[in-house]
Amino acid sequence: KRRPPLTKAERDHSITEPRSSLRAWTNFRGILAWSVEGMVRLTLVYHHGGNLVTKDNGNVAYEVDHTELLEELDEDILDVFALKNHHFVLGYEKIEECSWLVPGSNLEIGLRPITNDVELLEMCCTARGNNSKIHIYYEHVVSIPQVEEDVLKLIELTPNSATMH
């Protein structure tokens with residue numbers, strides 16, 4: 001079905017209205033919707049330095065939890081790569097996974113990987129109902145030292161008195 005052409009008022013509005021106020025978001029049922037509203041500022045709480053561990057009682061926890069708060073972020077300029085690569089700013093060389101926690105959920109069922117723009121839009125939309133705050137968790141790669149087995153050993157030289165004058 002074709003959409004009718006824009007009216008003069010709609011054309012004028014689209015010229016004067018900043019692009020950043022038009023947003024697409026996907027709800028939990030995967031339906032893409034559009035909304036026009038004021039700019040939203042997000043607070044991201046990065047959990048880093050640890051990993052998800054299953055406790056003896058079956059609950060999942062993030063152990064060795066360090067947090068960093070990033071406030072007043074414009075959701076219109078966030079991108080997947082900036083969110084995922086913030087670990088460099090935190091001083092980590094590599095991460096295994098970057099996920100966000102659906103507000104009100106626990107770590108066992110509420111973590112969703114940040115992999116694409118649709119997921120990012122879902123995260124931003126969800127943040128609006130949670131005082132504009134989202135928790136992001138990094139799972140870190142375990143560093144294993146590389147040991148070379150065939151390394152030549154240095155032998156201490158003894159001075160040769162015949163060549164020393």
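Counting from 1, the numbers follow the sequence of the chain as shown.
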Which residues satisfy the side chain to side chain donor-acceptor pair (under 3.5 Å) test with E63, sequence neighbours excluded?
-> K55
Which residues satisfy the ring pair (Phe, Tyr, Trp, His ring centres under 6.0 Å) test with Y62, sequence neighbours excluded?
-> Y137
Smallest heavy-atom separation, E75 atom then C124 atom, equals OE1-CB, 3.4 Å
Side-chain donor-acceptor pair present, W100, E122, cut-off under 3.5 Å | no
Check: T126 and P103 side chains under 4.5 Å, non-hydrogen atoms = yes
Could you tell me which non-hydrogen atom of T67 sits nearest to which non-hydrogen atom of D65, and how far apart they are?
-> CG2-OD1, 3.8 Å
Supply the atom-to-atom distance N130 CG to C125 SG, rounded to the nearest 0.5 angstrom.
-> 12.0 Å
Hydrophobic cluster membership, Y92 vs F88, 4.5 Å side-chain cutoff = no
So, do S132 and T43 sit near enough that their side-chain heavy atoms are less than 4.5 Å apart?
-> no
For residues L44 and L73, determine if any side-chain heavy atom of one lies less than 4.5 Å from a side-chain heavy atom of the other.
-> yes
Closest approach of S105 and G110, non-hydrogen atoms and distance?
-> CB-CA, 3.5 Å
Pick one: which of E139, E97, E96 meets side chain to side chain contact (heavy atoms under 4.5 Å, CB included) with N51?
-> E139
Is there any ring-ring contact (aromatic ring centres under 6.0 Å, His included) pair reaching into residues 63-83, and which pairs are they, with sequence neighbours excluded?
-> H48-H66
Assess whether side chain to side chain contact (heavy atoms under 4.5 Å, CB included) is satisfied between E71 and R41, documenting all intermediate values.
-> CA-CA 8 Å; E71 299 179 289; R41 299 288 185 176; over 6 Å; no
Indicate if I95 and Y46 have the same hydrophobic cluster label, given that clusters are the connected sets of ILVMFWY residues with side-chain heavy-atom separations under 4.5 angstrom.
-> yes
Any link between L90 and L83 through a network of hydrophobic side chains (Ile, Leu, Val, Met, Phe, Trp, Tyr) touching at under 4.5 Å?
-> yes
Any donor-acceptor pair under 3.5 Å linking the side chain of N57 with the backbone of N59?
-> yes
Donor-acceptor pair, Y138 side chain versus K94 backbone, under 3.5 Å?
-> no
Taking every non-hydrogen atom, the tightest pair across S99 and P113 = OG-CA, 3.8 Å
Would you check if the side chain of H47 reaches a backbone N or O of I136 as a donor-acceptor pair within less than 3.5 Å?
-> no
Tightest non-hydrogen contact, residues L120 and V80, listed as CD2-N, 3.8 Å
Closest non-hydrogen atom pair between I134 and L101, with its separation = CD1-O, 4.4 Å
One should read off an interatomic distance between L78 CG and M123 CE, to the nearest 0.5 angstrom, of 6.0 Å
Donor-acceptor pair, N131 side chain versus K133 backbone, under 3.5 Å?
-> no
Give the intermediate values and the outcome of side chain to side chain donor-acceptor pair (under 3.5 Å) for residues E68 and H86.
-> CA-CA 11 Å; E68 180 181 74; H86 187 66; 2.6 Å; yes
